[in-house]
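Order of the sequence lines fixes the chain letters, A, B, ..., with proteins taken first and strands second; residue numbering starts at 1 for each chain. All values derive from a computational prediction rather than experimental measurement.
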Protein chains: 2
Amino acid sequence: MTLSSTDDIHKALTVGEVAERSGVAVSALHFYEKKGLIQSSRSAGNQRRYHRDVLRRVAVIKVAQRIGIPLAEIAEALGELPDGRTPTARDWKRMSAKWRGHLDERINDLTVLRDQLNECIGCGCLSIKACRLRNPFDSLSEEGPGPHF
Amino acid sequence: MTLSSTDDIHKALTVGEVAERSGVAVSALHFYEKKGLIQSSRSAGNQRRYHRDVLRRVAVIKVAQRIGIPLAEIAEALGELPDGRTPTARDWKRMSAKWRGHLDERINDLTVLRDQLNECIGCGCLSIKACRLRNPFDSLSEEGPGPHF
DNA sequence: CTTTTACCTTAACTAAGGTTTAGGTTTTAT
DNA sequence: ATAAAACCTAAACCTTAGTTAAGGTAAAAG
């Protein structure tokens, strides 16, 4: 049996459909397109039509944003894919492995900060000379948890 | 022996001196004052004069910002101190203990995210239904590290 | 006494990541 | 055929945390 037209896997998606399925506002999709993060073709009447792949691209964008990657950097990473293709599983592995490094660093920074804060809550000093919280570049404060190589 | 005038502990500080000692730009000090985070009196010629306590206040602001507390919230916390006093060691303990909770939460969120990302790097799917990265509110994803009470 | 240097205020500008509004067109449903 | 729902563009607006500029005054140094 043939697919009904609404389920047709080859049907291009309108911006409203992409918004609903991806959980991203229409205005944000316009914005992403302007920034070069996603692409669309146009209908005879100049309305955006998206390939289904856009959903995966938007998923990648959302995850990268949660990690804390700015849109410009996400755009750059997506732009490095050959012929602007949507990231494959392999592409995604490469990108996400790179971004995980960013995440590790952020977690490490915050953990160092928490340790310093715990120390400081104990003394309450905020001393200009002695307090590691106030002297984040003090060599002592570089001994945080996590890898240091 | 008496203190020289430049070392006088009671001398009010100019905005430039506060900027230099606190490592915060003059424009930022103006900004903090407009937002009610710090106070100053004025010289005969309408120039700002700061009590030395302002240095401790600015130190608190800087630490809170590192933790990720927005200025409005810092202003609120500082505003709750009786007669607008500069935080004592006790005050600081109370504030920082509260903010540490914020920090713990952020660290926990990021750690959950990292675990999900590691899982996803393994599969590369980004599947709409199955991928925990794409479904952060999935009940499974609530099993992160750290306390859950 | 004069020249720097520091300071004053107000307003505009920056960056990121969008949202809102206004005015007009296309698609879809009736 | 018409009306409603969805879409289009451009520009303005929003938030946070400030910085920069312009035009003028005060304080410090020589």
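Remark: the backbone N or O of B:Ser22 is paired with a side-chain donor or acceptor of B:Lys62 at under 3.5 angstrom. Under the 3.5 Å distance criterion, the side-chain polar atoms of A:Glu17 are matched with a main-chain donor or acceptor of A:Thr14. Judged purely by atom type and a 3.5 angstrom limit, B:Ser41 uses its side chain to pair as donor or acceptor with the backbone of B:Arg49. A donor-acceptor pair under 3.5 Å is formed between the side chain of B:Arg57 and the backbone N or O of B:Leu37. A side-chain donor-acceptor contact under 3.5 Å links B:Arg106 to the backbone of B:Ile67.
An OP1 or OP2 oxygen of D:dC8 is reached within less than 4.0 angstrom by a side-chain nitrogen or oxygen of A:Arg48. Within the 4.0 Å cut-off from OP1 or OP2 of D:dG18, not a single side-chain nitrogen or oxygen of B:His30 is found.
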Sugar-phosphate or base contact per nucleotide [nucleotides 15-29 of chain C; S, B, -; heavy atom under 4.0 Å]: --BBBB-----SS--
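The pair B:Arg85-B:Asp91 meets the salt-bridge criterion, with a side-chain N (NZ, NE, NH1 or NH2) lying under 4.0 Å from an Asp/Glu carboxylate O.
A straight line from CZ of B:Arg42 to C1' of C:dA6 spans 14 Å, rounded to a whole angstrom. When the C1' atom of C:dC7 is taken as reference, atom CD of B:Glu17 falls 12 Å away, rounded to whole Å. If you measure from atom CD of B:Glu33 to atom C1' of C:dC8, you get 12 Å, rounded to the nearest angstrom.
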